[in-house]
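Just follow the structure's listing: the first ligand is 1, and inside any ligand the first atom is 1. In this text the structure is predicted, and so the values were computed from the model without any measurement.
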Amino acid sequence: MWTKDNITDQTGKTVIVTGANAGIGYETALALYNAGAHVILACRSLSKAQETIAKIEGQNGSGTLEAAILDLANLKAIKQFADDFKQKHQQLHILINNAGVMIPPASKTDDGFELQFGVNFIGHYALTGDLYPLLKVTPGSRIVSVSSMAYLRGEIDFDNLKSEKSYDPMREYAQSKLANLLFSNELQRRINAAGDQIMSTGAQPGANKTELSRHMDKDAYNAAVERVGGLMEPWQGALPSLYAAVNPNAKGGQLYSPDQDGGYRGYPALLPMTANALDETVAKKLWNYAEQVTGVVYP
Ligand SMILES: NC(=O)c1ccc[n+]([C@@H]2O[C@H](COP(=O)([O-])OP(=O)(O)OC[C@H]3O[C@@H](n4cnc5c(N)ncnc54)[C@H](OP(=O)(O)O)[C@@H]3O)[C@@H](O)[C@H]2O)c1
């Protein structure tokens, strides 16, 4: 059983966690801070990031913390975050693409993408590309993309990526979480082809008590909890991301997940991905789309 106690000393490492003020991201940032890392809490609200720092610092870990504004629903803001980061830091050891939104009422990012596809996937595609030069020069760097078991029912609908024809909140969430894995896998193939020494891998937290369900009504929430058989505390849901980020045995192009109850509960282990996440043709097409609409080209 792999737990927080297995995290080795991370002193000297610089880490970014997106959406670090709540839920899985908060627990991920806390564990890495406790292990000695310098953790950047990349949040869309600076005050929430600062409040989170006050809360984490009260726990006397051995790391250091920094608050930064990152709105993944705005490509300009993402570039600004990355530019500021590159001015301040020479290395980036771990990038955890964690922030996410689930089943909001139909809405768009500032750049006109459906909110879930835009924040969960497009924003993290651009962020990773904008930070790629630093990841490339940092020995042993890793990129962790946080997905969900919802990816299983995901399909990339290239004819409706902006949900202009129709909007189904759960379908769009599943699409965005599949996109996270297609991205993570395709990125590892491109890194390998470029000869860079970076690991890109996926993680999914299982079923956890967080604010992600804020857009669900009570009945739908209760039915979902019953269907998955109960929720874990977010510290446990953070373990797959942490395993992917620091475990020397973790590999690129994989999915780390809780090991029990179909991936909904348990402790981190490798979970074989289904064909929809391993489809290289769809992954390439999705990458080309993201490249074209963001203008961010990498590796
Ligand atoms: N909880 C689960 O059971 C579960 C299951 C499967 C997958 N996941 C995945 O786990 C990840 C973390 O989710 P969670 O459960 O911890 O949810 P959460 O408690 O709702 O936290 C989500 C985080 O993402 C941030 N965020 C949302 N929109 C953003 C934007 N435009 N720019 C920057 N940050 C933004 C939120 O910031 P604000 O606080 O400002 O809104 C918050 O910090 C997500 O990728 C989610 O898909 C969670």
Side-chain angles (χ1 to χ4, degrees), residues 16-30 40-52 67-78 80-81 96-104 107-111 113-124 126-127 144-154 169-170 172-181 183-184 202-216 221 224-225 227-242 244 255-258 261-265 271:
I16 294 175
V17 181
T18 68
N21 59 283
I24 311 290
Y26 169 78
E27 295 291 345
T28 305
L30 172 63
I40 292 90
L41 286 75
C43 304
R44 63 178 158 167
S45 147
L46 190 60
S47 61
K48 279 192 193 174
Q50 285 163 339
E51 281 163 27
T52 306
I69 294 197
L70 171 64
D71 183 358
L72 287 158
N74 184 308
L75 289 169
K76 247 195 198 155
I78 294 168
Q80 187 63 57
F81 165 85
I96 304 196
N97 287 329
N98 164 83
V101 57
M102 184 176 80
I103 62 165
S107 36
K108 306 272 183 209
T109 68
D110 296 341
D111 305 293
F113 301 104
E114 183 279 317
L115 192 69
Q116 299 175 90
F117 188 74
V119 169
N120 301 357
F121 167 59
I122 291 284
H124 282 122
L127 176 69
V144 179
S145 296
V146 180
S147 180
S148 158
M149 291 309 283
Y151 97 86
L152 291 172
R153 6 179 191 147
M170 193 42 96
E172 266 53 305
Y173 179 68
Q175 173 175 255
S176 75
K177 292 286 119 181
L178 171 61
N180 289 145
L181 290 181
F183 162 73
S184 171
Q204 80 84 21
N208 300 271
K209 282 178 215 157
T210 70
E211 294 166 35
L212 194 68
S213 54
R214 71 190 84 179
H215 297 296
M216 266 186 171
Y221 178 78
V225 174
R227 197 177 59 248
V228 301
L231 303 178
M232 298 193 298
E233 294 299 328
W235 68 262
Q236 196 168 354
L239 291 176
S241 297
L242 291 162
L255 174 60
Y256 295 95
S257 159
D261 305 329
Y264 287 115
R265 269 171 301 283
L271 183 71

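- With a 4.0 Å heavy-atom cut-off, ligand 1 is reached by no atom of Leu231.
- Put simply, no part of Gly237 is less than 4.0 Å from ligand 1, judged by heavy atoms.
- Side-chain contact annotation: His124 with Thr18, donor-acceptor N/O pair under 3.5 Å present.
- The backbone N or O of Gln116 lies less than 3.5 Å from no partner atom in the side chain of Gln175, so there is not a single donor-acceptor pair.
- Atoms of ligand 1 found under 4.0 Å from any heavy atom of Gly19, numbered from 1 in the order shown, are 23 (C), 24 (O), 25 (C), 43 (O).
- Proximity to Leu70 (heavy-atom distance under 4.0 Å) selects the following atoms of ligand 1: 32 (N), 33 (C).
- Remark: distances from the non-hydrogen atoms of Thr18 to ligand 1 are all 4.0 Å or more.
- For ligand 1, the polar-atom distance check finds no N/O of Ser148 at less than 3.5 Å from any of the ligand's N/O atoms.
- Atom 47 (O) of ligand 1 has as its closest protein heavy atom Tyr173 OH, 2.7 Å.
- Scanning all heavy atoms of the two residues, the minimum distance from Leu212 to Gly100 falls at CD1-O, 3.9 Å.
- Considering backbone and side-chain atoms together, Gly100 places an N or O closer than 3.5 Å to an N or O of ligand 1.
- At a heavy-atom cutoff of 4.0 Å, ligand 1 is contacted by no atom of Lys209, backbone or side chain.
- Atom 5 (C) of ligand 1 has Gly206 O, 2.9 Å as its closest protein atom, hydrogens excluded (heavy atom only).
- Polar contact with ligand 1: present for Leu72 (N/O pair, distance under 3.5 Å).
- Below 3.5 Å of separation, one finds an N or O of Leu212 facing an N or O of ligand 1.
- Within ligand 1, the atoms closer than 4.0 Å to a non-hydrogen atom of Ala73 are 31 (N), numbered from 1 in the order shown.
- Nearest to atom 40 (O) of ligand 1 among the protein's heavy atoms is Arg44 NE, 3.0 Å.
- Ranking the protein heavy atoms by distance from atom 31 (N) of ligand 1 puts Asp71 OD1, 3.1 Å first.
- In this model, a donor atom of one side chain and an acceptor atom of the other lie less than 3.5 Å apart for Asn120 and Ser176.
- Contact annotation: the side chain of Phe81 never approaches that of Ile69 to less than 4.5 Å [non-hydrogen atoms, C-beta and beyond].
- Scanning the protein heavy atoms around atom 34 (N) of ligand 1, the nearest turns out to be Ala99 CB, 3.6 Å.
- The contact set between ligand 1 and Gly23, taken as ligand atoms under 4.0 Å from a residue heavy atom, comprises 16 (O), 19 (O).
- Going from atom OG1 of Thr210 over to atom OH of Tyr26 covers 14.5 Å, rounded to the nearest 0.5 Å.
- By heavy-atom distance, the residue among Asn98, Ile69, Val101, Ile78 lying nearest atom 11 (C) of ligand 1 is Asn98.
- With a 4.0 Å heavy-atom cut-off, ligand 1 is reached by no atom of Ser45.
- The distance criterion of under 3.5 Å between nitrogen or oxygen atoms is not met by Pro205 with respect to ligand 1.
- Residue contacts with ligand 1: Gly123 is excluded, as none of its non-hydrogen atoms falls under 4.0 Å.
- Taking only nitrogen or oxygen atoms, main chain and side chain alike, Ile24 reaches within less than 3.5 Å of ligand 1.
- Among all non-hydrogen protein atoms, the one lying nearest atom 3 (O) of ligand 1 is Asn208 N, 2.8 Å.
- The closest protein non-hydrogen atom to atom 21 (O) of ligand 1 is Ala22 CB, 3.9 Å.
- Only the side chain of Lys177 comes within contact range of ligand 1, with a heavy atom under 4.0 Å; no backbone atom does.
- What sits closest to atom 20 (O) of ligand 1 on the protein, heavy atoms only, is Arg214 NH2, 2.8 Å.
- Taking the side chain as every heavy atom from C-beta outward, Ile24 and Glu27 never approach each other to under 4.5 Å.
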